[in-house]
Each structure stands twice: as C-alpha cells, then as structure tokens.
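In what follows, a single structure is set out as structure tokens and then discussed.
Labels below follow one simple rule: chain letters A, B, ... track the order of the sequence lines, proteins then strands, and each chain is numbered from 1. Computation of the quantities below employed the complete heavy-atom set of this structure, encompassing side-chain atoms and omitting hydrogens, waters and symmetry-equivalent molecules.
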Amino acid sequence: MALSYKNPEFLIERDYDKCINCRVCERQCANEAHYYDEDLDKMMAIDKNCVNCHRCVTLCPTDALRIRKYPLEFKENYNWTGEMINNIYKQAETGGVLLTGMGNPTKKKIYWDHLLLNASQVTNPSIDPLREPMELKTFLGRKPERLEFDQEGNITNLPPQIELETPIMFSAMSFGSISLNACKSLARAASEMGIMYNTGEGGLHQELYQYGANTIVQVASGRFGVHQEYLDAGAAIEIKIGQGAKPGIGGHLPGEKVGEEVSRTRMIPKGTDALSPAPHHDIYSIEDLRQLIYALKEATDYEKPVSVKISAVHNVAAIASGIATAGADIIAIDGYRGGTGAAPTMIRDNVGIPIELALAAVDSRLREEGLRNQVSLVIGGSIRNSADIVKAIALGADAVYIGSAALIALGCHMCQKCYTGKCNWGIATQRPDLVKRLNPEIGTERLKNLIRGWSHEIKEMLGGMGINAIESLRGNRLMLRGIDLNEKELEILGIKHAGE
Amino acid sequence: MRRIPEEKIMSGCAISGILDRKGRRFSGEEIIKSIALMHDRSNGLGGGFAAYGIYPEYKEQYAIHMFYDDLQAKEEVEDFLERHFMISLAEEIPTRKVKAITNSPLIWRYFVLPDQHKLEQANLSEDDYVARCVFKINDQYRGAFVVSSGKNMGVFKGVGYPEDIGEFYQLEQYEAYLWTAHGRFPTNTPGWWGGAHPFTLLDWSIVHNGEISSYGANKRYIEMFGYKCTMMTDTEVITYLFDLLLRKHKLPLELVVKAVAAPLWSEIDRMGEKEKKIASGIRAVYGSTLLNGPFSIILGHKNGFVALNDRIKLRPLVCAEDGERLYVASEESAIREICPEPEKVWAPRGGEPVIGLLEGSSEEWL
C-alpha cells in the first residue's frame with residue numbers, strides 16, 4: 001500500500017532563534033522524530049513519529065521545543081471523530097488489532113470527582129496531625145470473626161498479616177513490561193516506606209530478592225517465573241485472575257522484549273513471546289480457584305496471605321463473595337481505568353466498570369454476608385491522588401494499589417505508547433540505552449516523596465474529620481456525600497447527596 | 001412525640017456516676033444533685049438515669065421498661081410480650097407532674113421471663129432471646145420503644161433537664177448501688193424520649209458525652225453481627241459494641257478497652273513482645289470497633305462500671321474515691337457537690353479505663 005492516510009497526532013514546533021543544533025532531541029528520541037539536516041544545517045522534525053512524551057522538551061537546553069496537537073481537523077462530527085477515523089485508517093492498512101498502553105482515557109464519569117469529604121465543625125474537634133498522633137498503619141490478611149486466647153493470654157487464631165505503614169501499595173507491574181530500573185525503584189521505595197510492591201507476572205529478578213519482605217509475588221495464568229524460591233521470597237502471594245485494563249483477556253510480552261535478564265527471570269527462552277492465557281488453565285470455576293489458593297498456602301506453610309486480583313466487571317460483588325469463601329485472604333479489584341503495558345484499545349475502553357461502583361458494591365455485599373471483616377479489600381485503577389485514596393477507604397477499601405501514579409512519579413508522561421517498547425523515560429522498555437535513563441536511586445526518592453506527600457495529605461483529611469486512625473475511616477460512608485449523582489448512583493455508592 | 005431521626009444525631013453532654021462497691025443501696029437524690037450542677041452542659045432536650053439494684057424483689061426477672069406513643073402501640077407490644085414471655089407484673093411506672101416535663105409518652109414496665117417453649121424453639125441463650133425481642137420491638141413496632149431490658153435495673157429518661165426528669169420519675173423513691181446520669185445537648189434535632197441517654201441492652205447501659213467520628217465505620221461493622229442500629233446515635237452503637245465484645249466474643253474487659261480505645265502504635269511499639277502481639281492483633285482484627293473522636297462514657301453493668309475517655313482525651317472525665325464510693329463525672333464540681341472532700345480525685349488519661357467493681361465480683365463480667 002503506497003500511501004498512508006494516517007495523519008500525525010502531534011506537531012513539533014522548534015524555535016530556530018533558540019535552537020543551537022546540539023542534537024540532544026535527536027539522541028533522546030527513540031521514536032526518531034528529530035533529525036539533523038546537514039545541507040540546511042538545521043534540526044528538523046518528523047511529526048508523525050512524535051508520541052508527545054515530552055522527553056525532548058524537558059531535555060532541550062534552550063527551551064526551543066513545543067509539542068502541540070496536530071492542527072489538522074476533520075469536518076466536525078460527533079459520531080465520526082478524528083480518533084475513530086484514524087483508527088480505521090490504521091486497521092485498513094494493517095488488518096491488526098488496535099493496541100494501546102496505560103489506562104482508559106475516554107470521557108466517562110469519574111466518580112471520585114463526584115464524591116465530597118466531610119470535616120468537623122464545633123460539635124467535635126478536628127485533629128491537627130502536626131500536633132497529635134495520626135495513624136495510617138494497615139494490616140492486610142484474613143481476620144477471624146473473633147480472637148481467641150490460650151491460657152497464658154496469647155492470641156491463638158490470627159492468620160498471617162502484611163503490615164503497611166500507609167494504606168498504599170504499588171500495583172503489579174512485571175519485569176518485562178517495565179524495566180529493571182523501574183522495578184528496583186519500586187522495590188526499594190516500598191521497602192524504605194514500609195509498604196508493598198507487586199512483581200506482576202514477571203517473576204522476581206535475582207537482584208530484587210533482598211526486598212522480599214515488601215514484595216507481593218504474583219502468580220498469573222502464564223506462571224512465568226513461579227517456583228518455590230519465588231513463592232518463599234514474598235510477604236504475600238497474589239493470584240491474578242484479571243486486570244482492569246483488559247478484563248477477560250490474557251497478556252502478550254513480545255519476543256523483542258525478552259532479553260537475557262527477562263528470559264532468565266521468566267524462565268522462557270530468549271526472544272520468545274511470553275503469552276499469558278486469558279484464563280488460568282487450571283481454574284475454570286470457583287472451586288478450582290479454591291484449589292489454587294490452598295495449593296499456594298500449602299506450598300508456603302500457611303505463612304503468607306494469599307490475594308486474588310480480579311478486574312471490576314458487572315457481577316463483581318458476587319464474584320468477590322465467592323473469592324472470600326474460597327479462602328482468599330485479600331481481594332484486589334482493578335477498575336476499568338487501570339493501566340497496562342499493552343491492551344487492545346477496544347477492550348480497554350469498553351470492558352469493565354468503574355472501580356468506585358465496584359468497590360461500593362463489593363463492600364456492601366461482603367457486609368451483607370458477614371464476610372467483610374474476614375477478608376481485606378484492596379482496590380486500584382485508578383487512584384490519582386490522596387483524596388481518591390481517602391474516598392476509597394471511606395467507601396470500604398482497606399488499601400489501594402497505585403500503578404500509573406507511581407510510574408508518573410518515575411517520569412511517565414502518559415503518552416500511552418508503552419507497548420512499543422520505546423519508552424524514552426526508561427520505564428516501559430528493555431532497551432539498555434533507554435533503561436539507563438532511569439536512575440533507580442532517583443526513582444526511589446521520587447516514589448518515596450510521593451508516598452510521603454500523599455500520606456501527609458491523608459492525615460490532614462483524617463484530622464479534619466476528627467479521626468486519628470485510618471481504621472475509623474474504613475467503610476465510613478457517612479464521611480462522603482455525592483454531587484451531581486442520580487438516585488441510583490447514590491444507592492450503589494451507599495452515600496447521601498451533598499446537602500442531605 | 002416519637003420521632004426516629006433519619007440522620008446521625010450529634011450531641012454534647014454531661015455525665016455522672018456513683019458506685020457503692022459494697023453494694024449498699026442509696027436513693028437517687030445524690031445523682032440528681034450531681035448532674036443538676038452541670039445544668040449548663042445540657043440544653044433541656046434530654047436527661048436520664050440508669051439505676052442498678054432497684055428491683056430486689058424481681059431480681060431474677062428481666063425488667064422491661066417501655067415507652068408507648070399511644071394505647072394502640074401498647075396493645076400491640078403487650079400482645080407480643082405475652083406471646084414471648086411469662087409476665088409476672090405489668091404496671092405503669094409512677095411519675096409526678098413536673099412543669100418542665102411535657103409530652104411524655106405512656107411509660108410502663110414489665111417483669112418477665114422468656115417463654116420456655118419459645119426459648120427452646122429459638123435455640124438461644126436467655127440473654128440472646130431477650131436481646132432479639134428488644135431489637136424486634138424497636139425495629140418493627142411503630143410507636144413503641146424499649147427503654148431498658150436488664151435484670152434488677154432500669155432506665156428512667158426523657159426530654160427535659162436531667163434534674164426535672166429525676167423529679168418526674170420520683171427517683172428519690174428508688175434505691176440502687178450504682179447510678180449513672182446524663183444531661184444532653186443535641187445540636188440538630190429536637191430531643192425525643194427514646195433518644196435520651198442512657199441507652200441500654202440487657203444489663204448494659206451507656207451514658208456518653210461526645211461525638212464519635214467513627215460512627216459510620218462502627219455501625220457498619222456491628223450490623224454484620226445482626227445488630228440493628230435504628231436510633232442513629234453514638235450511644236446505641238457503643239452499647240452494641242460492648243455487648244458484642246464482652247458478651248458474645250467473651251473478650252476480657254481489659255482487651256475490650258484495647259479495642260475501643262486502642263493504644264497508639266507509638267505506645268504499642270514500646271510494649272514487651274507478648275503484650276505487643278496482643279495489642280496489635282486486637283487492632284488488626286477489631287480495628288472497626290475503635291471509637292474515634294471525642295468521648296467520655298460510663299458503661300454501667302450489674303457488677304459495676306467502666307468509665308472511659310477517647311484515647312487522646314478530647315472530652316472531660318474526672319474520678320474520685322471516698323470509702324466504698326467511686327464517683328465519676330464530666331466535672332470535678334459535680335462530684336464535690338455531693339462528696340465535698342473525697343479521699344482521692346484524679347483525671348484518668350485518655351484511653352485509660354477506670355473500672356469500678358462490686359466487691360466479690362471478678363473482672364469477668366458475665
């Protein structure tokens with residue numbers, strides 16, 4: 001096919017008064033959007049290669065670069081938007097599936113933004129976290145309905161728990177989908193902040209075993225990198241059934257990303273595609289899930305909590321209740337805005353439901369069935385700031401997973417091209433020249449700062465409500481009011497409208 | 001008159017309690033005097049008293065105190081009581097006319113034992129059977145409210161200043177070894193008779209000053225265990241939490257306190273290994289029972305009382321000891337009003353329980 005109908009998405013503007021032909025932009029752009037024209041003695045741009053990742057803009061020493069939305073517009077049409085038309089051009093050229101990265105960006109209601117928090121006035125005092133203790137410590141794991149004690153007064157029936165200094169964890173992101181330097185940053189930050197990170201389905205690189213006490217090791221449908229030492233290394237084990245960005249489908253790490261290190265860690269031949277099947281082929285029912293939960297518990301002497309991660313789908317409440325009775329200690333639910341390294345666009349943008357509604361429905365169902373106190377509930381997909389976390393906990397979560405937010409802290413600019421392997425920020429790539437751009441020492445500090453900053457903000461919000469321990473917020477929906485929500489939405493969320 | 005609020009009730013308050021640890025009974029005059037001194041801590045929208053040891057002649061029977069809106073409600077509930085209990089005595093609770101007290105409901109009491117046949121059918125302990133009946137009446141019988149349901153104890157409460165309520169119920173005629181009292185300052189709803197304190201279930205009674213910011217979390221937790229929070233008050237939920245932890249989960253009182261007024265993590269970090277494990281286990285499992293926000297409460301029981309502050313002491317609570325008497329109140333003046341020179345006066349620290357026990361009864365509360 002000779003002529004491509006695709007238009008560039010972005011326009012690279014260069015201020016030639018400022019440009020000094022240093023060629024930094026050229027060297028920094030893995031997408032090859034910049035080049036130096038010797039005849040003209042000028043830096044030039046190939047707009048169609050630009051993904052708008054801001055790498056060149058950030059590194060340009062003279063601030064000579066601007067990236068804009070490409071000013072070419074189709075005739076105005078609410079139905080056939082430019083995006084729809086361009087997608088068809090792409091597919092007509094290739095016959096392929098539309099691919100994308102990161103979370104669902106479409107314009108649908110974000111429920112977090114329709115929830116408002118409470119604060120104390122007069123009848124009870126707000127608490128100043130700078131003067132008074134403010135406690136965020138959170139335990140995840142199965143809790144007995146009631147504690148029992150032996151004759152010496154020791155607790156006899158408390159299953160293993162993981163302890164978090166603040167109710168935030170880094171979501172599952174595999175080595176392979178992200179770089180080793182990104183993994184190192186997450187692992188170190190988790191261990192220094194007393195929280196957890198999650199290996200995703202990528203196995204555990206030898207250099208990361210030292211952070212085992214702050215690691216949740218994942219067992220997913222491909223079983224990549226799963227062996228006894230791996231299971232023993234983590235503080236908890238997570239069975240991944242689904243992911244918010246692509247419910248119901250598996251994963252695919254292309255062979256070009258499977259280099260020496262990824263190959264060894266995943267225990268697959270170098271250069272081969274790592275294909276995770278859509279279902280676990282030993283889990284075709286809830287009773288099969290129970291078997292896997294207990295197989296993993298047996299394998300680790302009942303010393304680690306087992307989590308089951310599912311994506312938020314229509315009947316998530318019933319599924320979660322089944323998972324609780326199947327023996328999971330933690331239920332992790334990933335909403336439809338959750339991120340991914342690669343997903344078919346149609347799946348990402350159209351399958352699954354908002355995490356806010358899923359969380360409210362699951363928490364309510366588990367309470368109706370008297371199970372809520374026995375399992376921990378973790379949600380993700382997507383948490384964008386500390387207020388989202390406070391709202392999630394008030395709706396009923398024990399803790400949250402953050403993935404996209406953590407990557408943004410590391411430098412991700414949300415260009416959504418993770419699947420190309422050309423991440424200019426050294427995050428979603430395995431190319432050594434790109435990976436080395438992410439310094440894990442600096443990455444660790446940035447992540448720690450994010451967790452620290454958010455924790456401070458959570459404490460301020462708690463203090464304002466007159467609460468000094470996070471457990472008093474959990475499921476405390478009286479602290480929430482809705483705005484711009486209809487009766488049905490309020491009913492599902494279990495909250496009142498603002499003003500009520 | 002009967003008005004079940006639909007939103008959470010907030011209120012400030014005065015509380016007071018007197019225990020004679022030898023079990024000697026004394027009239028209600030002292031407690032009225034004590035709570036009356038704190039007149040300005042309430043606003044006339046609720047006052048009440050709990051009295052333990054007042055019905056020695058019926059001490060093996062459950063004393064059900066009732067409010068009724070009208071005769072129809074009374075008839076319906078009496079029909080229910082007759083079907084579920086053996087009633088030894090049903091009588092109107094004597095009251096006198098007091099100018100400040102208006103709109104009182106019909107106020108009755110019944111001394112009852114569970115119907116043996118029904119009890120066996122239900123396969124419940126006597127206490128659980130009675131508790132279930134109480135929930136049922138409060139939840140399903142319009143215009144009726146169970147004021148108290150313990151043995152050898154009773155609650156006398158209503159809308160008005162506590163000293164007027166005391167006079168209305170003629171409390172000087174009753175003798176108890178433990179009295180607690182409450183004066184209420186609700187901020188957002190007109191008081192209604194059932195919403196006054198103390199709140200009770202079986203032998204438990206609670207008077208409470210404060211607002212529990214954790215109410216939503218506590219309520220949704222306790223509802224998982226079959227309790228129904230219909231009053232929308234902190235006091236109700238606190239009562240049920242104690243009932244669950246002490247009576248149903250059989251936790252020792254000291255551990256219950258570690259759950260509802262949990263030690264701070266910074267304190268737990270300084271504990272010995274064994275204690276630390278227990279305290280953190282309690283917080284991990286019973287985190288949803290933590291009462292957060294300002295409060296001081298007196299939990300009354302047939303064996304004595306526990307007075308407790310929130311863990312960072314955001315509301316006042318003072319105790320005093322004099323001979324066999326143990327006093328507790330929102331203000332020291334309310335104690336000195338009736339016991340001018342106690343042997344010992346102190347302000348307990350936040351989260352530190354003050355436990356008053358009848359002589360001869362162990363810390364085992366049940």
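Contact annotation for B/Leu255: only side-chain heavy atoms (C-beta onward) come within less than 4.5 Å of a heavy atom of chain A. With a 4.5 angstrom heavy-atom cutoff, A/Ser120 does not touch chain B via any of its atoms. Interface remark: B/Leu264 contributes backbone and side-chain atoms alike to the contact with chain A (heavy atom separation under 4.5 Å). Interface residue A/Glu152: backbone and side-chain heavy atoms are both found under 4.5 Å from chain B. For B/Leu314, the part lying near chain A is the side chain, with the backbone staying farther off; criterion is any non-hydrogen pair under 4.5 Å. For a residue to count as touching a neighbouring chain, one of its non-hydrogen atoms must lie under 4.5 Å from one of that chain's; by this rule B/Tyr221 touches chain A with backbone and side chain alike. The parts of A/Leu147 that come within reach of chain B are both its backbone and its side chain, each placing non-hydrogen atoms under 4.5 angstrom from that chain. With a 4.5 Å cut-off on non-hydrogen atoms, A/Ile470 does not touch chain B at all.
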Determine, step by step, whether B/Arg220 and A/Arg367 satisfy the side-chain contact (heavy atoms from CB on, under 4.5 Å) criterion, reporting the C-alpha distance in whole Å, the side-chain angles of both residues, the deciding distance to 0.1 Å, and the verdict. CA-CA 8 Å; B/Arg220 296 185 74 219; A/Arg367 283 173 193 271; 3.3 Å; yes
Residue pair A/Arg372, B/Ser288: steps toward the side-chain contact (heavy atoms from CB on, under 4.5 Å) verdict: CA-CA 11 Å; A/Arg372 176 63 189 91; B/Ser288 300; over 6 Å; no
Do A/Arg146 and B/Lys250 pass the side-chain contact (heavy atoms from CB on, under 4.5 Å) test, and can you show the C-alpha distance, the side-chain angles, and the key distance before you say yes or no? CA-CA 9 Å; A/Arg146 50 172 285 212; B/Lys250 305 208 182 323; 4.3 Å; yes
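No more than 12 heavy atoms of other residues, nucleotides or ligands sit less than 6.0 Å from atom CZ of B/Arg132. The number of heavy atoms from other shown groups lying within 6.0 Å of NE2 (A/His456) does not exceed 12. Remark: B/Lys228 NZ is loosely packed, at most 12 non-hydrogen atoms of other residues, nucleotides or ligands lying under 6.0 Å away. Heavy atoms from other residues, nucleotides or ligands lying under 6.0 Å from NZ of B/Lys313 number more than 12. Around atom CG of B/Asp139, more than 12 heavy atoms belonging to other residues, nucleotides or ligands sit under 6.0 Å away.
Chain B forms the most heavy-atom pairs under 4.5 Å with one residue out of A/Met479, A/Arg142, A/Glu145, A/Glu369, and that residue is A/Glu145. Between chain B and the residues A/Lys137, A/Arg477, A/Glu148, A/Glu132, the most heavy-atom pairs under 4.5 angstrom are made by A/Lys137. Taking chain B as the reference chain and counting heavy-atom pairs below 4.5 Å, the highest number among A/Ala469, A/Gly370, A/Pro133 is found for A/Ala469. Of the listed residues (A/Asn154, A/Leu158, A/Leu371), the greatest number of heavy-atom pairs within a distance under 4.5 Å of chain B belongs to A/Asn154.
Minimum heavy-atom separation, B/Ser213 to A/Gly466: OG-O, 3.0 Å. Of all non-hydrogen atoms in B/Arg315 and A/Asn124, the two that sit nearest each other are NH2-CA, 4.3 Å. Of all heavy-atom pairs between A/Pro144 and B/Val285, the closest is O-CG1, 3.6 Å. Nearest heavy-atom pair, A/Asn476 versus B/Gly216, reported as atom, atom and distance to 0.1 Å: OD1-CA, 3.0 Å.
Between A/Phe149 and B/Ile278 there is a side-chain heavy-atom pair separated by less than 4.5 Å.
For the atom pair OG of A/Ser472 and CD1 of B/Ile212, the computed distance is 9.0 Å after rounding to the nearest 0.5 Å. One distance of note links CD1 of B/Ile282 with CD1 of A/Ile155; it measures 6.0 Å at 0.5 Å rounding. If you take OG1 on B/Thr289 and CD on A/Glu471, they are separated by 9.0 Å, rounding to the nearest 0.5 Å.
A/Asn468 and B/Arg311 share a donor-acceptor pair across their side chains, judged by distance under 3.5 Å alone.
A salt bridge links B/Arg283 with A/Glu135: at least one charged nitrogen is closer than 4.0 Å to a carboxylate oxygen.
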